[in-house]
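One structure below.
Numbering of residues begins at 1 and proceeds along the displayed sequence. In this text, all values refer to a predicted model and were calculated from it rather than measured experimentally. Atoms within each ligand, like the ligands themselves, are counted from 1 in listed order.
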Amino acid sequence: MSRPILFSPIQIGNLKLDNRIVIAPMAQYSAEDGQMNEWHLIHLGQLASSGAALLTIEATAVTPEGRNTPGDVGLYSDDCEAAMARVLRGVRRWSDMPIGIQLNHAGRKASRQKSWEGGAQISPGQPNGWPTYGPSSLAFASGEIPPIALDRDGLAAIRNAFASAARRASRLGLAFIQILGAHGYLLHEFLSPLSNQRSDEYGGSLENRMRFPLEVFEAVRDAFSHDRPVTMRVSATDWVEGGWSIEETIAFVDALQRRGCAAVNVSSGGSSPAQQIPIGPGYQVPLARAVKQATNLPVIAVGLITEFEQAEAILGTGDADLIALARAVLYNPRWPWHAAAHFGVQIKAPNQYLRSQPHRIRNLFV
Ligand SMILES: Cc1cc2nc3c(=O)[nH]c(=O)nc-3n(C[C@H](O)[C@H](O)[C@H](O)COP(=O)(O)O)c2cc1C
């Protein structure tokens, strides 16, 4: 049997990966003042011993107001950086899995309750609430307080905050940055005509709507170690008539590639409560395929990829170059081991766990 593509190596920029399994960013809403703590050591630690090729730290805010919830991780202060350094030191002592970070500004979707508290907007007057910012003063959902439309100084400050977080990520030795340009957060809000109704050079035409996200990409690319990749996560459609579309996504990816983007992670939705998402196994794979056909950047597919053969088929048909897992790997952090056992290939495991190999499986661990 030839080696499954899922377990064949690939490179993203200079970053060499052992296999095609990426752990998607997963917000834990458990930081305090943007600072990671023991929970993040437990969470990232277990995922770093999973055998996946790459681990992505959750959406990390570049300013305090850019946090989606009061529990979001941030990388906007020396204290945030020191807290992340402590967690990374712990994880890296026992795992050599490359760890990257997703940088974000939550825009008009900032100042919300944690998901398990309901996710409602927290108004600026309430404890733990703050004013939100967006391209235009348009609320995400009816009845919500609209964001403050960003002026030039506000845009420059956020661009600088992304660059500053990228410099901190460099110092922390993070292997890559993924910028969050999806899920209805600030950069996606600029892209989507549903949330961006500006009449200046940052709104209107596709070129104008892409301007701020591209400026942020350039600022991050410039600030992060030049030998390490910067990538982007996109929502390839808003799933709303008149919203951001796959055609516009392809134009955006092309513009990113010309600026040195190293890979694109294809997600969808998040811009509007009116979205109609056809949820089912691999529901975002057709979007990844459309992007893949239009670019030669490595493309990462994500979204209800749960089965080993399904993952292999996505790679085998050339719909994507890598697959990312969120819920499936949270549910079963040994998913990559089980996939390796299924395909009869070897995978890395911590020495402490080598004795876990069941008798019926031979030579599972490298
Ligand atoms: C607990 C949890 C937290 C998440 N946090 C983030 C996040 O921080 N950034 C992001 O871009 N997506 C986030 N997502 C979305 C996932 O990265 C992923 O795109 C989505 O869950 C679909 O993949 P899945 O079907 O494998 O879960 C989160 C999903 C879950 C389940």
Side-chain angles (χ1 to χ4, degrees), residues 6 20-31 34 36 39-40 42-44 46-47 50 52 54-62 66-75 84 99-107 109-110 112-119 165 176-189 191 213 231-237 239 263-271 275 277-288 291 299-308 310-311 314 320 322-333 335-336 339:
L6 193 60
R20 310 295 182 97
I21 307 167
V22 174
I23 299 181
M26 282 180 275
Q28 298 297 294
Y29 311 120
S30 300
M36 284 187 164
W39 173 255
H40 303 89
I42 295 170
H43 168 67
L44 295 171
Q46 61 159 342
L47 295 174
S50 68
L54 207 53
L55 176 55
T56 318
I57 294 174
E58 64 190 87
T60 298
V62 299
R67 289 174 302 161
N68 179 212
T69 78
D72 280 26
V73 172
L75 196 46
M84 196 174 286
I99 304 173
I101 189 166
Q102 187 186 58
L103 295 183
N104 188 37
H105 188 296
K109 287 171 88 174
R112 282 171 196 265
Q113 296 167 336
K114 303 174 182 189
S115 57
W116 57 81
E117 291 167 349
F176 70 100
I177 289 177
Q178 180 188 87
I179 300 172
L180 182 43
H183 302 167
Y185 297 115
L186 186 69
L187 301 186
H188 183 188
E189 287 164 21
L191 295 172
T231 71
M232 179 73 76
R233 182 169 235 197
V234 293
S235 272
T237 171
W239 300 113
V264 57
N265 185 306
V266 182
S267 189
S268 72
S271 260
Q275 65 187 12
I277 306 187
I279 292 191
Y283 66 103
Q284 293 174 151
V285 173
L287 299 167
V291 173
V299 169
I300 303 156
V302 67
L304 284 182
I305 301 170
T306 55
E307 310 303 316
F308 313 136
Q310 177 198 18
I314 291 166
L322 301 105
I323 57 108
L325 305 174
R327 287 165 289 188
V329 79
L330 210 51
Y331 188 68
N332 173 12
W335 194 100

Hey, can you pull the donor-acceptor pairs under 3.5 Å for the side chains in residues 99-106, sequence neighbours left out?
residue, atom, partner, partner atom, Å
Gln102, OE1, Ala59, N, 3.3
Gln102, NE2, Gln178, OE1, 2.8
His105, ND1, Gly107, N, 2.9

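- Shortest non-hydrogen contact noted between Glu58 and Met26 is CB-O, 3.2 Å.
- Considering all non-hydrogen atoms of both residues, Ser235 and Gly269 come closest at OG-O, 2.8 Å.
- Within 4.0 Å of ligand 1, protein heavy atoms come from Ala24, Pro25, Met26, Ala27, Ala59, Gln102, Leu180, His183, Arg233, Val302, Gly303, Leu304, Leu325, Ala326, Arg327.
- Every residue two or more places apart in sequence or in another chain was checked for a ring-ring contact (aromatic ring centres under 6.0 Å, His included) with Trp239, and none qualifies.
- Remark: Gln284 pairs with Ser268 by the side-chain hydrogen bond (donor to acceptor under 3.5 Å, both in side chains) rule, at least two apart or across chains.
- For the pair Thr56 (side chain) and Ile23 (backbone), a donor-acceptor distance under 3.5 Å is present.
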